[in-house]
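Everything numeric here is computed off the predicted structure, so don't read it as measured data. Note that these values count all heavy atoms, side chains included, but never hydrogens, waters or copies made by symmetry. Read the numbers this way: they start at 1 and go in the same order the structure lists the ligands and their atoms.
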Amino acid sequence: SPSCGDDKKRRVCYYYDPGISTVDYGEGHVMVPHRVTMAHNLVAAYGMLGDMRRLRTAPATAAELADFHDEGYLALLQDLTPDGCGGDDGVGDMARARGIYAVEGKGGGRGVDNPVFDRLWDYCLRYSGGSLAAARTLGSGTADIAINWSGGMHHACRGGARGFCYVNDIVLAIRELLAHFRRVLYVDIDVHHGDGVQAAFEASNRVMTVSFHQHGGGFFPGSGAVADVGKKGPGRYCALNVPVSVGIGDEEYHRLFEPIMARVMEVFQPEAVVLQCGADSLAGDRLGELNLTTRGHAQCVSFIRSFNLPLLLLGGGGYTINHVASCWCNETAVAIGKEIPNDIPKHGFDVFYKNQEYKLHYKLETKHLHRNRNTANSIDGIRMAAMENLSKLKL
Ligand code: ZLV
Ligand code: CA
Ligand code: ZN
């Protein structure tokens, strides 16, 4: 169970690369990298930058990405430009084979998950560079918690892009952590299944992947049923999936999260933890249909933090950008172990928080919540099935 001393301070290292702030997936696309800049400005406005060590992030190099990704895919990613892959020149076909699509004209972002956009390669190097630097700092033992809110791109595959993700910075960071730690635990509270990370480590018993996600009704990506425990071999049962239905709230979520994660810690005994904090599991998200509050979401961070293991905090999804920034700012405070006021300080970006009445912890009217499709029985059933899977894990 979690040790006491939740109020104990941690050495926190924070990575933010301003180079991602103007990256644009295209008009109509729901993924807005600028939300990370909003979170950063909120963190600064609350006066938290002085509570953390900040190291300059260098963009990753192609060689570093090749530690996981296919060289042919990287070569293509590096060469793509918005005007260089639309036609029938063969580049377009090669890109499409890797999951990337050219978009023509305005509003093109509405039609494809992984568009080609300006400075795409540079964006991948920057968000991956942050996660790699964070992992190295944890490996060196000079920080207890490292944060990169621009990372967490859990769907990217070895040879292709998927679900808004081009390079899997999480896989790269975990591979770096494996050089220093015997066993690494990956926990994913993004509303979507962390399929790319699970697939990358399915054969290994040194990495356990645990994803909580909305499941059913065709919700993306569709994988991650509770019976999905990874493929046969030494890594079997080192993948754990906790699917939930539309409308789950804080209380029920934590009736799953806390007992399951406490048991995972006992049976897997990780030496380091990576927590993907996708904010699309919050109430009022444009894609997710769950009802978590910023407090319920942050409770996951503080619960994992209480185990006192080297901890890497990453971003991920999150499509109502003022909610996302509030969530990650608050979770930065949780990492530091600092209480911050609910009133959002006056700063250059405060207009973004008008419709949440300038409060960090926004409140939604019932009509904006999704009807809860989970029942006490369905929650108990999922928890018991997950515990049953955990009982089969033999290291
Ligand atoms: O939050 O899509 O449903 C981490 C993350 O987990 C799909 N994609 C794909 C699979 C077949 N469909 C069709 C393609 C749809 C293309 C356009 C959208 C356009 C506008 C608004 C929303 C979407 C959209 N796309 C909603 N859900 C999808 C998913 C991908 C979700 C990725 C989540 C990424 C960053
Ligand atoms: Ca998830
Ligand atoms: Zn997501």
Side-chain angles (χ1 to χ4, degrees), residues 20 23 25-33 35-36 96 99-103 106-117 123-124 127-128 131 148-157 160-171 185-199 208-226 228 239-245 248 253 256-257 260-261 274-282 285-290 292 297 300-301 304 314-321 323-324 327-328 382 386:
I20 58 105
V23 172
Y25 274 62
E27 207 179 304
H29 202 288
V30 289
M31 177 54 100
V32 178
R35 71 214 162 110
V36 176
R96 282 187 285 279
I100 301 175
Y101 295 80
V103 285
K106 290 210 165 183
R110 252 180 272 277
V112 306
D113 283 343
N114 291 85
V116 185
F117 52 80
Y123 169 63
C124 293
Y127 74 73
S128 301
S131 300
N148 175 28
W149 296 128
S150 68
M153 306 306 270
H154 60 178
H155 299 303
C157 305
R162 229 167 96 81
F164 316 161
C165 308
Y166 300 82
V167 166
N168 201 315
D169 61 297
I170 309 172
V171 172
L185 171 64
Y186 173 67
V187 187
D188 183 316
I189 61 170
D190 187 288
V191 76
H192 298 99
H193 177 220
D195 55 356
V197 185
Q198 178 179 319
M208 177 158 191
T209 60
V210 184
S211 176
F212 295 77
H213 43 265
Q214 182 178 332
H215 192 74
F219 194 72
F220 184 85
S223 50
V226 74
D228 177 4
L240 183 67
N241 285 294
V242 188
V244 300
S245 298
I248 196 170
Y253 195 90
L256 292 168
F257 191 84
I260 289 172
M261 291 319 305
V274 178
L275 178 56
Q276 194 267 23
C277 302
D280 46 7
S281 43
L282 290 170
D285 188 76
R286 290 175 72 188
L287 295 195
E289 297 168 307
L290 307 187
L292 294 188
H297 198 274
C300 298
V301 178
I304 296 296
L314 300 173
Y319 305 100
T320 304
I321 59 176
H323 295 172
V324 179
C327 176
W328 291 342
I382 293 160

With a cut-off of 4.0 Å, which atoms of ligand 1 are near a heavy atom of [X]?
| X | result |
| --- | --- |
| Gly317 | 1 (O), 4 (C), 35 (C) |
| Met31 | 35 (C) |
| Tyr319 | 1 (O), 4 (C), 5 (C), 33 (C), 34 (C), 35 (C) |
| Asp280 | 1 (O) |
| Gly111 | 16 (C), 17 (C) |
| Val30 | 21 (C) |
| His154 | 4 (C), 5 (C), 6 (O) |

Which residue, His213, His155, Gln198, forms the side chain to side chain donor-acceptor pair (under 3.5 Å) with His193?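 So the option named by the test is Gln198.
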Test applied, side chain to side chain donor-acceptor pair (under 3.5 Å); reference residue, Arg162; option that passes from Asn114, Asn168, Asp195, Asp113: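 Filter result, single survivor: Asp195.
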Please name the atom of [X], restricted to N, O or S, that is closest to the Zn ion (ligand 3).
| X | result |
| --- | --- |
| Asp190 | OD1 |
| Asp280 | OD2 |
| His192 | ND1 |

With a cutoff of 4.0 Å, is Gly278 in contact with ligand 1, counting heavy atoms of the residue only?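 Heavy atoms of Gly278 never come under 4.0 Å of ligand 1.
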Name of the Asp188 N, O or S atom nearest the Ca ion (ligand 2)? OD1
Taking the Ca ion (ligand 2) as the reference point, name the nearest N/O/S atom of Asp190.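 Answer by atom name: O.
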Please work out whether the ring planes of Phe212 and Phe257 are parallel, tilted or perpendicular, with thresholds of 30° and 60°. tilted
At a threshold of 3.0 Å, where the distance has to be below it, does the Ca ion (ligand 2) have an N, O or S atom of [X] nearby?
| X | answer |
| --- | --- |
| Ile189 | no |
| His193 | no |
| Ser281 | no |

Shortest reach to atom 23 (C) of ligand 1 by a heavy atom, considering only Phe220, Phe219, Phe164, Tyr25: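 That would be Phe164.
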Winner among Gly163, Gly28, Pro115, Gly152 once heavy atoms are compared against atom 34 (C) of ligand 1: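 Checking each option, the heavy atom nearest atom 34 (C) of ligand 1 is found in Gly163.
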Tell me the closest heavy-atom pair linking [X] and [Y], and the distance in Å.
| X | Y | answer |
| --- | --- | --- |
| Ala161 | Ile100 | CB-CG1, 3.7 Å |
| Ala279 | Trp328 | CB-NE1, 3.9 Å |
| Val167 | Cys124 | CG2-CB, 3.7 Å |
| Asp228 | Asn241 | O-ND2, 2.9 Å |
| Tyr25 | Pro115 | O-CG, 3.2 Å |
| Arg35 | Met31 | NH2-SD, 3.5 Å |

Minimum side-chain heavy-atom gap Asp280-Asp190 below 4.5 Å: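 Of all side-chain heavy-atom pairs linking Asp190 with Asp280, at least one is under 4.5 Å.
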Give a yes/no answer: is there an N/O/S atom of His154 under 2.8 Å from the Zn ion (ligand 3)? no
So, do Phe164 and Phe220 have ring centers that fall under 6.0 Å from each other?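 Between Phe220 and Phe164, which both carry aromatic rings, the centre distance is not below 6.0 Å.
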Proximity of Asp113 to ligand 1 by residue part, where a heavy atom lies under 4.0 Å: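 The answer is both.
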With backbone taken as N, CA, C and O and side chain as the heavy atoms from C-beta onward, which portion of Val191 lies under 4.0 Å from ligand 1: side chain, backbone, both, or neither? neither
Could you tell me which residues satisfy ring-ring contact (aromatic ring centres under 6.0 Å, His included) with Phe219, sequence neighbours excluded, listed by chain and number?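 ring-ring contact (aromatic ring centres under 6.0 Å, His included) list for Phe219, sorted by chain: His192.
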Can you name the ring-ring contact (aromatic ring centres under 6.0 Å, His included) partners of Tyr127, sequence neighbours left out?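 Tyr127 satisfies ring-ring contact (aromatic ring centres under 6.0 Å, His included) with Tyr123 once adjacent residues are dropped.
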How long is the span from the CD1 atom in Ile260 to the CG atom in Leu240, to the nearest 0.5 Å? 6.5 Å
How large, to 10°, is the angle at the Ca ion (ligand 2) when you draw lines to O on Phe212 and to O on His192? 120°
Is any N or O atom of Gln276, backbone or side chain, closer than 3.5 Å to an N or O atom of ligand 1? no
